[in-house]
Amino acid sequence: MGFKNVLIAVADIEKSKKFYKEIFGLYSIRDFGDNVMLSEGLVLQSKSTWQKVLKSEVSVGNSFELFFEEYNLDEFVLALKEKEGVKLIGDIYENAWGRRCIKLLDPDGYLIEVAEK
């Protein structure tokens with residue numbers, strides 16, 4: 001058995017696809033409308049689809065963290081600051097093991113950390 005993807009429920013598929021494309025350069029591998037497989041193993045699924053399957057309310061938001069690496073963190077953060085609607089959580093910081101990082105939220109409030117590679 002092998003682990004393949006992470007799937008997150010999102011309120012607006014189009015808004016989330018745009019966010020992950022513009023910010024992280026991810027692109028659609030398969031797009032089934034309410035379920036979209038992006039490059040790097042991230043899958044977006046509409047909140048309404050999850051609710052139909054589970055037959056209960058589904059919340060979206062920062063119950064976990066997505067992690068990315070970037071070679072030039074300073075340039076990446078400068079570019080983020082120029083984009084409308086990007087919510088940074090503080091400034092670049094150094095974690096306990098000496099790696100420089102920044103945190104931000106996606107359109108649904110999922111926490112994302114980007115560390116210097």
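By convention here, the first residue in the shown sequence is residue 1.
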Subject >> Side-chain ion pair, D108 and K47, N-O less than 4.0 Å >> reply: no

**OP:** Given side-chain contact (heavy atoms from CB on, under 4.5 Å), test N35 with L7 step by step and report yes or no.
**Re:** CA-CA 9 Å; N35 187 294; L7 185 147; 4.0 Å; yes

**OP:** Report the C-alpha separation of L38 and F24 in whole Å, then their side-chain angles, then the decisive distance to 0.1 Å, and conclude whether the side-chain contact (heavy atoms from CB on, under 4.5 Å) test is met.
**Re:** CA-CA 11 Å; L38 300 176; F24 297 105; over 6 Å; no

**OP:** Find the distance between OG (S16) and CG (L26) and round it off to the nearest 0.5 Å.
**Re:** 11.5 Å

Subject >> Connected via hydrophobic side-chain network under 4.5 Å: M37 and I23 >> reply: no

Original post:
Do you know which two heavy atoms are closest between V36 and D31, and how far apart they sit?
Top reply: CG2-OD1, 3.4 Å

Subject >> F19: partners by ring-ring contact (aromatic ring centres under 6.0 Å, His included), with sequence neighbours left out >> reply: none

**OP:** For atom NZ of K15, decide whether the heavy atoms of other residues, nucleotides or ligands shown that lie under 6.0 angstrom number more than 12.
**Re:** no

Subject >> Reference residue V58; test side chain to side chain contact (heavy atoms under 4.5 Å, CB included); the match among Q45, Q51, K52 >> reply: Q51

Original post:
Hey, what do you get for CD1 (I13) to OG1 (T49), rounding to the nearest 0.5 Å?
Top reply: 7.5 Å

Original post:
Between V114 and F64, is there a shared hydrophobic cluster once you connect ILVMFWY residues whose side-chain heavy atoms come closer than 4.5 Å?
Top reply: yes

Original post:
Heavy-atom distance under 4.5 Å between the side chains of E75 and E70, does that happen here?
Top reply: no

Original post:
Within a strict 4.5 Å, meaning less than it, do heavy atoms of the L78 and F76 side chains meet?
Top reply: no

Subject >> K117 NZ to E69 CD distance, which is reported to the nearest 0.5 Å >> reply: 5.0 Å

Original post:
Is there side-chain contact between N95 and Y93, with heavy atoms separated by less than 4.5 Å?
Top reply: yes

Subject >> Pairwise distance CG(L42) to CG(N5) - rounded to 0.5 angstrom >> reply: 8.5 Å

Subject >> Common cluster, V86/V10, ILVMFWY with side-chain heavy-atom separation under 4.5 Å >> reply: yes

Original post:
Crowded around E40 CD? As in, over 12 foreign heavy atoms under 6.0 Å?
Top reply: no

**OP:** Return the minimal non-hydrogen interatomic distance between I92 and I102, and the atom names on each side.
**Re:** N-CD1, 3.4 Å

Original post:
Is there a path from M1 to V43 through hydrophobic residues (I, L, V, M, F, W, Y) whose side chains come within less than 4.5 Å of each other?
Top reply: no

**OP:** Give a yes or no on whether the backbone of S39 and the side-chain of Y20 come within a donor-acceptor separation of less than 3.5 Å.
**Re:** no

**OP:** Take L44 and I8 through the test side-chain contact (heavy atoms from CB on, under 4.5 Å) and record every step on the way to the result.
**Re:** CA-CA 5 Å; L44 309 174; I8 60 174; 3.8 Å; yes

Subject >> Heavy-atom check, side chain of L111 versus side chain of L105, under 4.5 Å >> reply: yes

**OP:** Quick one: pull up CG in L104 and NZ in K87 and give me the separation to the nearest 0.5 Å.
**Re:** 11.0 Å

Original post:
Above 12 or not: heavy atoms from other molecules or residues under 6.0 Å from CZ of F67?
Top reply: yes

Subject >> Spacing of L73 atom CG and E116 atom CD [to the nearest 0.5 Å] >> reply: 5.5 Å

